[in-house]
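These notes concern the structure reproduced below.
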Amino acid sequence: MKIMGLDYGDRRIGVAVSDSLGWTAQGLETIERRREGSEFERIAELVKQHEVEEIVVGLPKNMNGTIGPRGEICMAFAEELRGRFNLPVHLWDERLTTVSAQRTLLEADVSRKKRKGVVDKMAASLILQNYLDSKSIK
């Protein structure tokens, strides 16, 4: 059973997918949001191509655990995914995943230009991997 992880942003959506056993997350791509709703077309293609059965969307919470305007936008996006794809969609606390992804890329000495292209995909991988790890602990 494959699970898709999404890091939803204003301009880009990072996409990751799990292996069929649900143990590891691999970054797939970054979807550029060019026109309203176009991201759903690409997500639909990826869901079909990778035989995805669940989706995990990063939920940006404030450091005190509350949900702000950005979190509410992600919750609405998750609800839209549920309606369009009729799949289970889970929200996962993504606090500091983009920061962690940036730090990892900096430590790997990846150029600023390349970082911009992969940070969202890497953040999606971190969100998904944290979700997968939490399932294996139970």
Side-chain angles (χ1 to χ4, degrees):
M1 176 174 92
K2 290 190 177 181
I3 302 172
M4 177 180 281
L6 299 174
D7 179 40
Y8 185 78
D10 289 331
R11 291 184 290 277
R12 291 179 294 279
I13 301 171
V15 183
V17 71
S18 73
D19 62 69
S20 55
L21 297 174
W23 290 352
T24 61
Q26 296 87 34
L28 270 186
E29 66 180 68
T30 300
I31 299 171
E32 296 286 336
R33 297 183 60 217
R34 301 198 187 282
R35 56 183 169 78
E36 194 62 39
S38 65
E39 65 270 21
F40 293 108
E41 296 166 17
R42 183 62 185 143
I43 292 169
E45 291 170 5
L46 294 171
V47 164
K48 184 176 181 180
Q49 178 183 350
H50 294 278
E51 300 175 350
V52 169
E53 296 181 29
E54 288 182 50
I55 300 173
V56 177
V57 176
L59 177 63
K61 292 184 176 180
N62 298 322
M63 292 312 288
N64 65 4
T66 61
I67 296 173
R70 183 89 224 130
E72 290 175 8
I73 290 168
C74 288
M75 290 169 69
F77 175 69
E79 199 55 45
E80 180 80 16
L81 290 170
R82 279 186 198 99
R84 284 180 183 251
F85 301 117
N86 197 27
L87 292 173
V89 178
H90 312 283
L91 290 162
W92 188 256
D93 184 352
E94 69 159 38
R95 278 179 281 191
L96 301 180
T97 54
T98 301
V99 172
S100 178
Q102 288 275 20
R103 187 172 297 133
T104 301
L105 292 168
L106 279 169
E107 289 171 2
D109 202 26
V110 176
S111 72
R112 181 183 301 261
K113 185 177 181 181
K114 286 183 181 173
R115 277 197 314 266
K116 183 181 175 190
V118 298
V119 71
D120 300 300
K121 176 171 61 172
M122 189 168 191
S125 295
L126 289 169
I127 290 164
L128 180 55
Q129 190 64 58
N130 290 337
Y131 175 79
L132 296 172
D133 291 347
S134 77
K135 288 180 64 163
S136 67
I137 292 170
K138 294 178 182 173

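Nothing here was measured: the structure is a model prediction, and the numbers come from that model. By convention here, the first residue in the shown sequence is residue 1.
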Looking only at side-chain N and O atoms, does Glu32 offer a donor or acceptor that is under 3.5 Å from a partner on Thr30?
no
Electrostatic pair Arg70-Asp10, nearest N-O below 4.0 angstrom
yes
When you compare the side chain of Leu6 with that of Val56, does any pair of heavy atoms fall below 4.5 Å?
no
Inter-residue atom distance Asn86.CG - Leu81.CG, 0.5 Å rounding
12.0 Å
Quick check on Glu51: does its CD atom have over 12 non-hydrogen neighbours (other residues, nucleotides or ligands) under 6.0 Å away?
no
I'd like to check Ile31 versus Arg12 (side-chain heavy atoms, cut-off strictly below 4.5 Å). Are they in contact?
no
Any chance you could measure Phe77, atom CZ, to Ile13, atom CD1, to the nearest 0.5 Å?
4.0 Å
I'd like to know if the side chain of Arg82 reaches the main chain of Val89, judged simply by a donor and an acceptor atom lying under 3.5 Å from each other, with no hydrogens or angles considered.
yes
Lys/Arg N to Asp/Glu carboxylate O, Glu39 vs Arg33, below 4.0 Å:
yes
Given side-chain contact (heavy atoms from CB on, under 4.5 Å), test Arg11 with Asp120 step by step and report yes or no.
CA-CA 10 Å; Arg11 291 184 290 277; Asp120 300 300; over 6 Å; no
So, for Gly27 and Ser125, which heavy atoms are closest and what is the spacing to 0.1 Å?
N-OG, 3.0 Å
same_hphob_cluster(Val15, Tyr131) at 4.5 Å side-chain heavy-atom cutoff:
no
Side-chain touch Met4/Ile43, heavy atoms, less than 4.5 angstrom
yes
Compare all side-chain heavy atoms of His90 with those of Val57 and state whether any distance is below 4.5 angstrom.
no
How long is the gap from OG on Ser18 to CD on Gln129, to the nearest 0.5 Å?
9.0 Å
Going through the checks in order, is the salt bridge (charged side-chain N to carboxylate O under 4.0 Å, His left out) test met by Lys2 and Glu54?
CA-CA 7 Å; Lys2 290 190 177 181; Glu54 288 182 50; over 6 Å; no
Is Leu28 close to His50 at the side-chain level, that is, under 4.5 Å between some pair of heavy atoms?
yes
Considering non-hydrogen atoms only, spot the tightest contact between Cys74 and Leu59 and give its length.
CB-CD1, 4.5 Å
Spacing of CD1 belonging to Ile127 relative to CD belonging to Glu94, to within rounding of 0.5 Å:
4.0 Å
Min side-chain heavy-atom separation Leu128-Trp92 under 4.5 Å
no
Would you call Val52 and Met1 a side-chain contact if the rule is heavy atoms closer than 4.5 Å?
no
Compare all side-chain heavy atoms of Met75 with those of Glu79 and state whether any distance is below 4.5 angstrom.
no
Closest non-hydrogen atom pair, Ala78 against Leu91
CB-CD2, 3.7 Å
One should read off an interatomic distance between Leu126 CG and Met122 CE, to the nearest 0.5 angstrom, of 6.0 Å
Search all heavy atoms of Leu87 against all heavy atoms of Glu53 and return the closest pair with its distance.
CD2-O, 3.6 Å
